[in-house]
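Remarks on the structure that follows.
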2 protein chains.
Amino acid sequence: MARPRKEQELDIPRRAVEETIRLLTQQGDFGVPLTAVAQAVGCTAPALYGHFRNKNALLRAARDEGFGRLYNEKFAVFEQMRGDPLGYLRDGSYAYARFALENPTLYRLMFSPPPKLGVSDDPWSSEAGRQVLSLLLTGLRSSQEHGYLPGADLQRYGFMFWSTIHGAVSLNIQDRLLDHAAKWDSTQSVIDALMEIIAATGPAKHPITS
Amino acid sequence: MARPRKEQELDIPRRAVEETIRLLTQQGDFGVPLTAVAQAVGCTAPALYGHFRNKNALLRAARDEGFGRLYNEKFAVFEQMRGDPLGYLRDGSYAYARFALENPTLYRLMFSPPPKLGVSDDPWSSEAGRQVLSLLLTGLRSSQEHGYLPGADLQRYGFMFWSTIHGAVSLNIQDRLLDHAAKWDSTQSVIDALMEIIAATGPAKHPITS
DNA sequence: ACCTCAAACTTAATATCATTCAGTTCTCGG
DNA sequence: CCGAGAACTGAATGATATTAAGTTTGAGGT
């Protein structure tokens, strides 16, 4: 048997990405053998080379899929929260953190990929990250229009905001001693502190002026 | 030739770690062949197994060395800045960021190690990270004694502070399109914003009350 | 219906490493 | 001066990624 019959055709590109993410998650490591992916898909390793230039290309595709999923989750929250910019910033951050803590290996592939992946070679990959960032910036701009962060440089604060949350989930993902609940509490605490700081700059219900 | 003569004895453990870090830095990737390390040291690959259980153990040792170097740099700043807690927070953060941006691959090995390294298996490795954090906490406690961050939960703010800086350097390291100067500016901006926020909570020279 | 060809795989072959094995040569305590 | 063990070396093993060569199938032209 060499070429498969039409009935048993399988969408290798899609299934390969899907199974790669599943195995990545399961093994908790990028070092998933191509043969394992191939077996899960139902073909042999060399067959994958007809759809991806090499293993790195497959991992890049999995990474892009990860960005897509993250964006979708954040976007869902975004639409749900129209008119409540601070609420979006909070719940959008929760969604981001939940995604990271529930898919730690995929998150690491997205934001701490081994340089040999050649990630910067294709503009799309960093572009996907930029879309997530732009969603955050929109939230911040909207918050500013509602009176928060008066006069702040949004580009600057946006990056800081993202850094804080990315840093929190990264450090929590890395700490193998904490259980899932503890990681979530720790991350949530950071997000809440961030929200308190932003809320304090706005039209105060409980004025801060002393 | 099998066993080396006494004259040509070389301190394999130390040199191996040293060369591993050098090659790591040079190749920008953890995938440094053991044979390359061995060649740089001046022995063969199997010889390394007399000093490290396996390649992961060697990488763990390199990681620990990285934590040691980072701690030393931060500690030097700490001693230089006695009596100026805010100055220590700022310069200590600069030192941290400089270390990360100048040793991106080593930094990634320290804070985003591949899980298969078995990092959490030995308590020492996460302990080293904890020492760096404790230095930060000391700075925050000292700042609080000087009137900043009144009533704040230092454990909580310490983690947030660290998250922000770690996040900023991580994101900057990852962005292959930025040059070194741009990364440094971006990181410094985050640190400065953080310092402004902390300074604003203290005995204000330029009161914020409106 | 038949022939040819390119597509889409498969199996076999190659190369690169990590790791283990089986020596080989020093050094040192007696 | 001898014997044992330390400290290596070179060759063997095994896992993977990647490439090469070979095989079957579907489609289009006749």
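We name chains A, B, ... by the order of the sequence lines, and we start the count at 1 in each one.
- Remark: P of dT11(C) and OH of Y49(A) are 16 Å apart, rounded to the nearest angstrom.
- Of the residues in residues 34-48 of chain B, those placing a heavy atom less than 4.0 Å from an atom of DNA chain C are L34(B), T35(B), P46(B), in numerical order.
- Straight-line distance from the NZ atom of K55(A) to the P atom of dT19(D): 14 Å, rounded to whole Å.
- Atom C1' of nucleotide dT19(D) and atom CG of N54(A) are separated by 12 Å, given to the nearest angstrom.
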Could you list the donor-acceptor pairs under 3.5 angstrom formed by side chains in residues 71-91 of chain B, with sequence neighbours left out?
| from | atom 1 | to | atom 2 | distance (Å) |
| --- | --- | --- | --- | --- |
| N72(B) | ND2 | G68(B) | O | 3.4 |
| D84(B) | OD1 | G87(B) | N | 2.9 |

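- In this model, the phosphate group of dC8(D) is approached by a side-chain N or O of H51(B) to a distance below 4.0 Å at OP1 or OP2.
- As a whole-Å value, the separation of F30(A) CZ from dT16(D) C1' is 18 Å.
- Between K116(B) atom NZ and dA18(C) atom C1' there is a gap of 11 Å when expressed in whole angstrom units.
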Donor-acceptor contacts, no H, no angles, side chain residues 32-55 of chain A, under 3.5 Å, sequence neighbours left out:
| from | atom 1 | to | atom 2 | distance (Å) |
| --- | --- | --- | --- | --- |
| N54(A) | OD1 | N56(A) | N | 3.2 |
| N54(A) | OD1 | A57(A) | N | 3.0 |
| K55(A) | NZ | V32(A) | O | 2.9 |

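- Applying the side chain to side chain contact (heavy atoms under 4.5 Å, CB included) test to D29(B) and every residue at least two apart in sequence or in another chain returns P114(A), P115(A), K116(A).
- Atom CG in L58(B) sits about 16 Å away from atom P in dC17(C), given to the nearest Å.
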Donor-acceptor contacts under 3.5 Å from residues 97-107 of chain A side chains, at least two apart:
| from | atom 1 | to | atom 2 | distance (Å) |
| --- | --- | --- | --- | --- |
| N103(A) | ND2 | F99(A) | O | 2.9 |
| Y107(A) | OH | Y96(A) | OH | 2.7 |
| Y107(A) | OH | H166(A) | ND1 | 2.6 |

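- To the nearest angstrom, P of dT19(C) lies 11 Å from CZ of R53(B).
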Identify every side-chain donor-acceptor pair in residues 136-144 of chain B under 3.5 Å, counting partners at least two apart or on other chains, and give the distances.
| from | atom 1 | to | atom 2 | distance (Å) |
| --- | --- | --- | --- | --- |
| T138(B) | OG1 | S134(B) | O | 2.9 |
| S143(B) | OG | G139(B) | O | 2.9 |
| Q144(B) | NE2 | L149(B) | O | 2.9 |
| Q144(B) | NE2 | A152(B) | O | 3.1 |

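- As rounded to whole Å, 13 Å separates atom C1' of dT16(D) from atom CG of N56(A).
- Ion pairing between E65(B) and R69(B) holds under the 4.0 Å rule for side-chain N and carboxylate O.
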